[in-house]
Asks: 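Below is one structure. I have some questions about it.
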Amino acid sequence: MKKALLLRFEADAGVMKLPLFEYACPTTISEAVALLASHDGEAKPLAGGQSLVPMLAFRVASPALLVDLRKLLELRQIKIADNGVTLGAMVRWRDILDDTRLRTAHPLLVAAVEHIGHYQIRNCGTVGGSVAHADPAAEMPGIVVTCEATIAVSGKAGERVIKSSDFFRGPLTTALTPDEIITEIRLPPWPAKRRFGFQEFARRHGDFAMAGAALFYDEDGQDRACNAHVGVIGVSDRPLRLVAVEQVLNGNKIDLALIAKAEATASAAVNPPNDIHAGGAYRKALVGVMVERALKSATTQRN
Ligand SMILES: Cc1cc2nc3c(=O)[nH]c(=O)nc-3n(C[C@H](O)[C@H](O)[C@H](O)COP(=O)(O)OP(=O)(O)OC[C@H]3O[C@@H](n4cnc5c(N)ncnc54)[C@H](O)[C@@H]3O)c2cc1C
């Protein structure tokens, strides 16, 4: 509470950019949930602060209370087991890149995280913060949707597990209720020899993608693709699975002709709006190229 008073004082003196807020730093998940629930939708969790703090500075968000999750040590674990990879919500991008086990346990995740932000962002930003923030161009929500991950959350009504297909509702909008925190992101098992590719286009490395593609497929023993999963980011109000492209791939050998068909199908499947970074038509073409490049890298890349 001392810190909250200090923040108030500086804001009142006109020194601070952020709006007034109370600050709490609980040490248990149940305490964090109780704090969120006690503020009638006016409290927000604080993870790495890489999106929330700029939003406060721009007055896009002005919660009455920030509930800092940094002392919830159980949310910092990376677990690798037969049932897949489980990332605690407070696992940072840096933790993923430093954990050499993940290069075989989930190489697509690692390939995507390598594109996120800059050194400082990767040292602070967390998987839970990114998934809760739900930026349609962010890599982690794209991986969650492509891999059919599940999102475990805790709230005043208890715990629940949300399917990725139900979680993202639109730009910065999710199925979370205001008293809920994400505790874990659970990625299904990644078999050996799975082929995968991740590609994105951004003007500068570390910027959010103008369009990107994450994909994987297995092979049926006769070099034909099966179980294809294709996800794209930056071309809609949320990350998308492109089932039409998966249908093009499944049951077929991935050669240049099929890749060209997949590219055209990907472009046809999306309808991105114009925005300040690019026109919709440009993004539509770009996402096809991202799928094409990701497929080409998948033909040479597997764990
Ligand atoms: C210059 C810059 C470049 C960036 N580039 C990229 C990029 O290329 N790709 C990319 O994906 N991201 C990028 N980011 C964002 C960064 O990856 C952050 O990690 C991410 O936006 C949010 O994570 P965070 O831990 O910082 O969350 P915070 O900013 O602390 O929180 C974000 C939101 O999630 C909520 N929240 C946080 N944790 C939880 C939880 N456990 N449960 C429920 N709600 C929660 C908060 O209340 C808030 O609404 C960039 C950021 C900056 C500043």
Side-chain angles (χ1 to χ4, degrees), residues 18 21 23-26 29 32-33 35-37 39 41-58 60-77 87-97 109 111-145 151-155 159-160 162 167-168 171-185 198 200-212 214 233-234 239 277:
L18 307 184
F21 57 85
Y23 172 87
C25 196
I29 293 173
V33 167
L35 282 160
L36 290 170
H39 273 68
E42 293 298 318
K44 268 193 161 301
L46 173 67
Q50 299 304 295
S51 297
L52 184 52
V53 172
M55 286 171 77
L56 295 175
F58 286 114
V60 177
S62 47
L65 171 70
L66 286 190
V67 179
D68 194 339
L69 306 182
R70 72 192 161 92
K71 289 190 179 165
L72 306 184
L73 301 183
E74 67 266 53
L75 301 188
R76 293 195 180 274
Q77 292 178 24
L87 302 171
M90 290 297 283
V91 167
R92 303 167 308 154
W93 310 127
R94 169 57 48 210
D95 302 323
I96 291 172
L97 296 175
L109 169 70
V113 170
E114 282 170 351
H115 289 267
I116 296 181
H118 318 278
Y119 186 80
Q120 295 85 344
I121 308 303
R122 292 195 292 272
N123 281 346
C124 296
T126 66
V127 295
S130 176
V131 171
H133 189 57
D135 189 309
E139 288 83 356
M140 191 66 206
I143 292 298
V144 163
V145 165
I151 297 110
V153 308
S154 274
E159 295 177 6
R160 64 183 179 127
I162 308 173
F167 188 81
F168 299 103
L172 315 191
T173 310
T174 69
L176 288 172
T177 58
D179 59 286
E180 283 181 323
I181 60 168
I182 296 174
T183 53
E184 288 180 345
I185 316 291
F198 184 91
E200 70 173 48
F201 182 81
R203 289 226 170 114
R204 298 170 304 185
H205 183 84
D207 283 359
F208 278 97
M210 292 170 75
I233 56 174
H277 301 293

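Both ligands and their constituent atoms are indexed starting at 1 by order of listing. Each residue takes its place number in the sequence, starting with 1.
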Asks: Hey, is Asp207 touching ligand 1 through its side chain, its backbone, both or neither, going by heavy atoms under 4.0 Å?
Replies: backbone
Asks: Roughly how far, to the nearest 0.5 Å, is CG of Leu87 from CE of Met140?
Replies: 5.5 Å
Asks: Which atoms from ligand 1 have a heavy atom of Gly48 less than 4.0 Å away?
Replies: 24 (P), 25 (O), 26 (O), 27 (O), 30 (O)
Asks: Say you draw a straight line from NZ of Lys44 to NE2 of His39; how long is it, rounded to the nearest 0.5 Å?
Replies: 14.0 Å
Asks: From the options Gly125, Ala89, Ala32, select the one whose nearest heavy atom is closest to atom 19 (O) of ligand 1.
Replies: Gly125
Asks: At a 4.0 Å threshold, what atoms of ligand 1 neighbour a non-hydrogen atom of Ala132?
Replies: 34 (O), 35 (C), 36 (N), 43 (C), 44 (N), 45 (C)
Asks: Under 3.5 Å between any N/O of His118 and any N/O of ligand 1: does that happen in this structure?
Replies: no
Asks: Which heavy atom of Leu56 sits nearest a heavy atom of Ala61, and at what distance?
Replies: CD2-O, 3.4 Å
Asks: Where is the nearest protein heavy atom to atom 46 (C) of ligand 1: which residue, which atom, and how far?
Replies: Pro45 O, 3.0 Å
Asks: So is there a nitrogen or oxygen of Leu52 less than 3.5 Å from a nitrogen or oxygen in ligand 1?
Replies: yes
Asks: Got a second to check how far Ile96's CD1 is from Thr126's OG1, nearest 0.5 Å?
Replies: 9.5 Å
Asks: Nearest heavy atom to atom 1 (C) of ligand 1 wins, so pick from Ile121, Thr183, Val131.
Replies: Ile121
Asks: For atom 17 (O) of ligand 1, grab the closest protein heavy atom and report residue, atom and distance to one decimal in Å.
Replies: Trp93 NE1, 3.1 Å
Asks: For Arg203 and His277, indicate whether the former's side chain and the latter's backbone hold a donor-acceptor pair under 3.5 Å.
Replies: yes
Asks: Side chain of Thr174, backbone of Ala132: donor and acceptor closer than 3.5 Å?
Replies: no
Asks: Which atoms of ligand 1 are found less than 4.0 Å from any heavy atom of Ala47?
Replies: 25 (O), 27 (O), 30 (O), 37 (C), 38 (N)
Asks: Can you figure out which of Ala209, Gly49, Ala61, Gly129 has its heavy atom closest to atom 28 (P) of ligand 1?
Replies: Gly49
Asks: Which residue supplies the protein heavy atom nearest to atom 49 (O) of ligand 1, what is that atom called, and how far is it?
Replies: Lys44 NZ, 3.2 Å
Asks: Is the shortest N/O to N/O distance between Ile116 and ligand 1 below 3.5 Å?
Replies: no
Asks: Pair Phe167, Val131 - check side chain to side chain contact (heavy atoms under 4.5 Å, CB included), show working.
Replies: CA-CA 9 Å; Phe167 188 81; Val131 171; 3.5 Å; yes
Asks: What protein heavy atom sits nearest atom 5 (N) of ligand 1, and how far away is it?
Replies: Gly206 O, 3.2 Å
Asks: Where's the contact between Thr126 and ligand 1, heavy-atom distance under 4.0 Å: side chain, backbone, both or neither?
Replies: both
Asks: Measuring from atom 39 (C) of ligand 1, which candidate in Leu69, Ile181, Thr174 has the nearest non-hydrogen atom?
Replies: Leu69
Asks: With a 4.0 Å cut-off on heavy atoms, is Met140 in contact with ligand 1?
Replies: no
Asks: For the backbone of Asn123 and the side chain of Arg92, can you confirm whether one donor and one acceptor N or O come within less than 3.5 Å of each other?
Replies: yes
Asks: Quick one: look up the protein heavy atom nearest atom 42 (N) of ligand 1 and list residue, atom name and how far away it is.
Replies: Ile182 N, 2.8 Å
Asks: How far is atom 14 (N) of ligand 1 from its nearest protein heavy atom, and which residue and atom name does that atom have?
Replies: Phe208 CZ, 3.5 Å
Asks: In the protein, what heavy atom is nearest to atom 9 (N) of ligand 1, and what distance, to one decimal place, separates them?
Replies: Glu139 OE1, 2.7 Å
Asks: Are any side-chain N or O atoms of Ser130 and backbone N or O atoms of Gly128, one a donor and one an acceptor, separated by less than 3.5 Å?
Replies: no
Asks: Give, for atom CD1 of Ile182 and atom CG of Leu176, the distance between the pair rounded to the nearest 0.5 Å.
Replies: 5.0 Å
Asks: Say whether Ala138, considering both its backbone and side-chain N or O atoms, lies within less than 3.5 Å of an N or O atom on ligand 1.
Replies: no
Asks: Can you tell me how far apart CD (Gln120) and CZ (Arg94) are? Round to the nearest 0.5 Å.
Replies: 10.5 Å
Asks: Can you tell me the protein heavy atom closest to atom 21 (O) of ligand 1 and the distance?
Replies: Ser51 OG, 2.2 Å
Asks: Once rounded to the nearest 0.5 Å, what's the spacing between atom NE2 of His133 and atom CE of Met55?
Replies: 5.5 Å
Asks: Please confirm whether the backbone N or O of Cys25 pairs with a side-chain atom of Arg70, one donor and one acceptor, at under 3.5 Å?
Replies: no
